[in-house]
2 protein chains.
Amino acid sequence: MNPSPTVIDLLIEARWVVPVEPHAVVLDDHAVAIHEGNIVAIVPISEARTLYTPRERVELAEHALIPGLINAHTHNPMTLMRGLADDLPLMTWLQQHIWPAEGRVMGPEFIRDGVELAVAEMIRGGTTCANENYFFPDVIASTYQSMGFRAVVGLPVIEFPSPWAKTRDEYFARAEQVHHDLKGDSLITTSFVPHAPYTVSDESFERIREQSAQWDIPVHLHTHETAQEVEESIRDHGMRPLERLQRLGIINERLIAVHMTQLTDGEIAMCAAAGVSVVHCPESNLKLASGFCPAEKLRAAGVNVAIGTDGCASNNDLDMFGEMRTAALLAKAVASDAAAFDAAFALRAATLNGAMAMGLGDRVGSIEVGKRADLAAIRLDDLETQPLYHVASQLVYSTGRHQVSDVWIDGKRKLAGNVLVDVDVDGIRAKARRWRDIIAAGDVQ
Amino acid sequence: MNPSPTVIDLLIEARWVVPVEPHAVVLDDHAVAIHEGNIVAIVPISEARTLYTPRERVELAEHALIPGLINAHTHNPMTLMRGLADDLPLMTWLQQHIWPAEGRVMGPEFIRDGVELAVAEMIRGGTTCANENYFFPDVIASTYQSMGFRAVVGLPVIEFPSPWAKTRDEYFARAEQVHHDLKGDSLITTSFVPHAPYTVSDESFERIREQSAQWDIPVHLHTHETAQEVEESIRDHGMRPLERLQRLGIINERLIAVHMTQLTDGEIAMCAAAGVSVVHCPESNLKLASGFCPAEKLRAAGVNVAIGTDGCASNNDLDMFGEMRTAALLAKAVASDAAAFDAAFALRAATLNGAMAMGLGDRVGSIEVGKRADLAAIRLDDLETQPLYHVASQLVYSTGRHQVSDVWIDGKRKLAGNVLVDVDVDGIRAKARRWRDIIAAGDVQ
């Protein structure tokens, strides 16, 4: 005699389920059972129908269901500066456009409106989690909370006064307050975000080392982004940034090192041995002509490689499908090996590896029993993904983010048949246009 | 007294018109007047309304109107092999997957179905013209004709027998027949497509030189694609491919040189002086780890640089928005200059430069009075292209091809509000799936 079916909240039946863990597996005609936001089973559809009585059933007959994509490096308030100043040398871009604009607008309202626009864009593109790096983490966190989006918000440290804090002590005091206020939150955790080795002192790094260990949170840091950064570190500190960070005790499994376009084989081995995560931001590195991250060498050395879009002021989108594709393509050319950084690895880098870097590896990043249900469904019957030979190839090399049809975060539906759930799209667009007028009025062309 | 308004076929009123020529100009609130497929005026909307009585008026209040994108290198029948074999070394990919598959399926039916799928994808993505390189140019041409798509079809020459021709004489005889049959066609012209220097003999190149001059058609050729190709040419001919081509009289204003990842400064100068066009296929070069085309150096030297997607077996899409973006991003990193290959130039490379390379520079590639109306409209009010500071930046760095709403070729509407006009999408999808089953059944995994 069959046991009676279990009542669950949600059953998603998909033509293909790509769990990411186990690696490089595609499950045909499988269902994912979800209850109270948790993934409780991944079984063939026919079996699911006898095992469960779902309160809601979603049928995805032409879709792949994947873990929600994880954007492992971004500055989402800057989405409001998308395309403000392109095709310029780095210092002209920063000093004549971005910093003056930030000076005029940075504050809670700008931060909130920028994050709202970013969240809407991310959900529409299948991203369910972001590693955030910007000022006003309290406002950032509350905006993510109100929109039901998962994020690690960064606690900034920089040796310059900003509208967020004026002194080193104030940066650390505010960090402590925000970290304390977010304790136990189901969607938001924290990290330290020292801006970069050239803008943060040894003393601050030492405080970050102690505090991050005590709180057990990641340290999310731009480094080895350009050759100039490395040269200036040698000039000012007598050593390359990674060596300095190593002496300061920052090179460990909590470090999320972003960009990393300038690396020796010894540095790669050191990062692998220490358990450092690297976030590869290929489009930002290309657009700012920063250099080429040796992504395949890092992967082969066993470094945990994740993928980030960087902020919209330097990319100019939050499109993790595009970034995953660029990462895979570029890695092959940089490694002179067409077999490098394959599609299955690109999907892993854009999901589970991001979660692991951000300290969320036990919670999200793959479709596994016991994890929270952060999921994205991608329609693959568009002509642009036909014919279909291999699901992972299609997802990485052919899929456009507009093919994302449905998204769940923490078990809650955020995108339903391409439509954002409970998001005021017109209001977000109107606010973006208002900020555009303010920012453009002050920008020197 | 005002003259009475002129009756015209079509008036397109757009929030922005990006004519490409003049360079780097964006016209606010302009209309393009079209009669009998020709562009007859580009004037402010208010003026257009007094000057013209259009039989059809299209209002594009949130859109940019651009010249249709021109894909300057593709193998469209291979769209049916999209994603068949990825992440493999070049020779494994070719010898174990692509060539065996071609051997099983190549023939008129496969060619026609592949081109139909490709045309549907191209129109949906704002592409209105393709530089085609594959066997059976007669079938390719008739498929383009029946779908009303503009193309240059290549007349293949290769020193191997194929289902298209068995001997050198047969390749040239069939080339002559196809060229003759297409004379005077309003949408289709021809080029010679010798496969590559390593698969075509000196004798064939000499015949191509004479015949292409006599017919005044381009010579569309893969070359300097990989370091291996250059090394083998030195081994077999005692010189690099471009030097050999130069001695054979192929280096002239009719040459469309595709890929060109291996170039000396002297070769760049030679191409500039001779009026050679170069087609940059950045995503194919990355995916096959072929190398990095010095696109910015070529641009700076005055070479006519166009952009192509290459075939779907090695890309895996026909997305000219994606390719334009990758071209601009990659050129900056390769040139170590964030100001290189700017958005306005990327748009030009993806439109007018393609037309010039293909001998269509007086007919299409820009929105100018007297040219044929090949146009694409892009919706820019999506959240992903908000806020909007600079139209060209947004088109190159943020726009996804799904934002293409309307397309005209030769004055005829091909896409209307995101819907293909007179295209049997379900039929095309069904045929793609049928070919998938045939090809996958024979593929060795």
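Lettering of chains follows the sequences in order, A, B, ..., and the numbering in each one begins at 1.
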Can you see which heavy atom on [X] is nearest to which on [Y], and at what distance?
X       : Y       : result
D86(A)  : S393(B) : OD2-OG, 2.6 Å
F292(B) : F292(A) : CE2-CE2, 4.2 Å
D382(B) : R124(A) : OD2-NH2, 3.9 Å
S336(B) : A289(A) : C-CB, 3.8 Å
P387(A) : A432(B) : CB-O, 3.5 Å

Contact origin within [X] toward chain B - heavy atom pairs under 4.5 Å:
X       : answer
L318(A) : neither
D437(A) : neither
L383(A) : both
D381(A) : both
D337(A) : backbone

- request: Let me know if T385(B) has heavy atoms under 4.5 Å from chain A in its side chain, its backbone, both or neither.
  value: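 Just its backbone gets close to chain A.
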
Report task. Check whether N315(B) gets within reach of chain A through its side chain, its backbone, both or neither, counting any heavy atom under 4.5 Å. Result ->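 Both backbone and side chain of N315(B) come within 4.5 Å of chain A.
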
message: At a heavy-atom distance under 4.5 Å, which candidate from E121(B), K431(B), R434(B) has the highest pair count against chain A?
response: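 Most heavy-atom pairs within the cutoff with chain A belong to E121(B).
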
- Query: Looking at T79(B), T92(B), V334(B), L80(B), which has the largest count of heavy-atom pairs under 4.5 Å with chain A?
  - Reply: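 Most heavy-atom pairs within the cutoff with chain A belong to L80(B).
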
Using 0.5 Å steps for rounding, measure from the [atom1] atom of [X] to the [atom2] atom of [Y].
X       : Y       : atom1 : atom2 : value
L288(A) : L329(B) : CG    : CG    : 9.5 Å
K287(B) : L330(A) : NZ    : CG    : 14.5 Å
K332(A) : L88(B)  : NZ    : CG    : 8.5 Å

Heavy-atom pairs under 4.5 Å with chain B - which of E384(A), M81(A), E283(A) has more of them than the others?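 Winner by heavy-atom pair count: E384(A).
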
Practice prompt. Pick out which of N316(B), T326(B), D317(B) makes a side chain to side chain donor-acceptor pair (under 3.5 Å) with R325(A).
Written response: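 Answer to the side chain to side chain donor-acceptor pair (under 3.5 Å) test with R325(A) among N316(B), T326(B), D317(B): D317(B).
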
| query | Backbone N or O of A343(A) within a donor-acceptor pair of the D87(B) side chain at under 3.5 Å? | reply |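 Confirmed, D87(B) side chain pairs with A343(A) backbone.
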
- With distance as the sole test, does R433(A) use its side chain to make a donor-acceptor pair with the main-chain N or O of Q386(B) at under 3.5 Å?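 Absent.
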
field: residues 394-403 of chain A: residues contacting chain B (heavy atom under 4.5 Å, by number)
entry: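 Those residues of residues 394-403 of chain A which have a heavy atom under 4.5 Å from chain B are Q394(A), Y397(A), S398(A), R401(A), H402(A).
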
Discussion item. Can you list everything that forms a side chain to side chain contact (heavy atoms under 4.5 Å, CB included) with Q228(A)? Sequence neighbours excluded, please.
Written reply: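 Expected list: T226(A), E232(A).
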
